[in-house]
Number of protein chains: 2
Amino acid sequence: MGTRYDGTPEEKLALDTYIKLTRASESLEARLDRRATKHGLTVSQFGVLESLLHLGPLTQGVIGRKLLKSSGNITVVIDNLEKRGLVRRDRSTEDRRQVFVSLTPEGEELIRRIFPEHARAITDEFSALTPDEQRELGRLCKKLGLAGDSPGPDAPQNRAQRQAESR
Amino acid sequence: MGTRYDGTPEEKLALDTYIKLTRASESLEARLDRRATKHGLTVSQFGVLESLLHLGPLTQGVIGRKLLKSSGNITVVIDNLEKRGLVRRDRSTEDRRQVFVSLTPEGEELIRRIFPEHARAITDEFSALTPDEQRELGRLCKKLGLAGDSPGPDAPQNRAQRQAESR
DNA sequence: TGATATTATTTCAATGTCAAAACAATTAAC
DNA sequence: GTTAATTGTTTTGACATTGAAATAATATCA
């Protein structure tokens, strides 16, 4: 394990922590994916259905920002869900650029059936940590995540970034 | 934020922690990716080059397991790196099923130039946490990761898993 | 109002990704 | 020593993903 790299101690610690975080997240994701896939849903599809179940109809833009995916990607994912009759598209009448996506009865039936299983799987995974450890992990992740405040895939680069680029 | 889902308190805590972990990891990854991409490398390509730089020539299988990617995937990634002249393939003489991948001079030049930048970017991101917090985050991630001991994408399902499935 | 900018979605090309099947080479069992 | 099982890679088909360009609709403001 460990990155055979000799930088400063700060760099070593950060790299080491980064690897642990990434591996934990990715391997966890991989295990959960494999379960979701059993129901014929990809992670993104699952994410869309779950959002719609818990938040009601949403525009594609909102879904994309929620799942940290590009608008182009969301179009494709919704395409595939629509083909299988799990969601419906409705052009907004107020702002005809927007498209509202909502669950069909079949979609709702499916996600309602699958979600509790998913929740249980996650609970299972996290039972490796005590409740206090989970809270601490959550706190640290949040602190780390907020630091950079991810602009999201679509977001155009701002002045500061463009400037940094042109150096 | 938060998953509007009423399960048990255990489920709520686990789901909440899961979301924070995932978002932290994904948004961090997204920010780092954007930098790596500037050099015309994808994350996977970067991962391969970095492994080769720090560990020397490796077989595709080893690379795949290290990066938690399937063998089919690694084939494609190496294909693309090879096309660009950054790595070389050499069939092993000892076991002719294996393919050793190594850096070409161009590949080595590139990764040597880029890696320190990457390390600095990561260090920068993690400076949001104190050293102690970083160590604690690492510990929790490791504990969590070990729990499931990810089988990796390719790994065939073993007896225990097949049994669990058929329940 | 009319030109211009912004916003939401779609399309496209390139790459990544997995699972499963096909192949090829090696090892184990008989 | 053949046959059978295993192992490492490639291929294939389906979906995901991004960034950039194209479209279309709305908002701004001179």
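Throughout, a chain's letter reflects where its sequence line sits, starting with A, and its residues are numbered from 1.
- Scanning residues 80-91 of chain B for heavy-atom distances under 4.0 Å to DNA chain D yields B:R89, B:R91.
- Atom P of nucleotide D:dA16 and atom CG of A:N73 are separated by 7 Å, given to the nearest angstrom.
- The nucleotide whose nearest atom lies closest to any side-chain atom of B:R96 is, among D:dT18, C:dG16, C:dT26, C:dT26.
- Straight-line distance from the CG atom of B:D79 to the P atom of D:dT12: 12 Å, rounded to whole Å.
- Side chain of B:S44, nearest nucleotide from D:dA16, C:dG16, D:dT10: C:dG16.
- Per the geometry, CD belonging to B:E94 stands 16 Å off P belonging to C:dA25, to the nearest Å.
- A:G61 comes within 4.0 angstrom of the backbone, heavy atoms only, and of no base.
- With sequence neighbours excluded, the residues forming a side chain to side chain donor-acceptor pair (under 3.5 Å) with B:E136 are B:R139, listed by chain and number.
- Between the NZ atom of B:K69 and the P atom of D:dT10 there is a distance of 17 Å, rounded to whole Å.
- In this structure, CD1 of B:I74 is placed 10 Å from P of D:dT9, rounded to the nearest angstrom.
- Here B:T42 lies in heavy-atom contact (under 4.0 Å) with sugar-phosphate atoms only.
- Hydrophobic clustering (side-chain heavy atoms under 4.5 Å, transitive across Ile, Leu, Val, Met, Phe, Trp, Tyr) groups A:I114 together with B:I19.
- In this structure, B:E29 atom CD and C:dG16 atom C1' are separated by 14 Å, rounded to whole Å.
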Give every pair of a protein N or O atom and an N or O atom of nucleotides 1-6 of chain C that lie under 3.5 Å apart, one pair per line with the distance.
none

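- Here C:dT27 presents its C1' atom at 10 Å from CG of B:D95, a figure rounded to the nearest Å.
- A ring-centre distance under 6.0 Å is found for A:F115 and A:H54.
- If you check D:dT17, D:dT11, C:dT9 against the side chain of B:T75, the one that comes closest is D:dT11.
- Separating the CG atom of B:L67 from the P atom of C:dG16 is a distance of 12 Å, rounded to the nearest angstrom.
- Without hydrogens or angle criteria, B:E108 side chain to B:P105 main chain gives no donor-acceptor distance under 3.5 Å.
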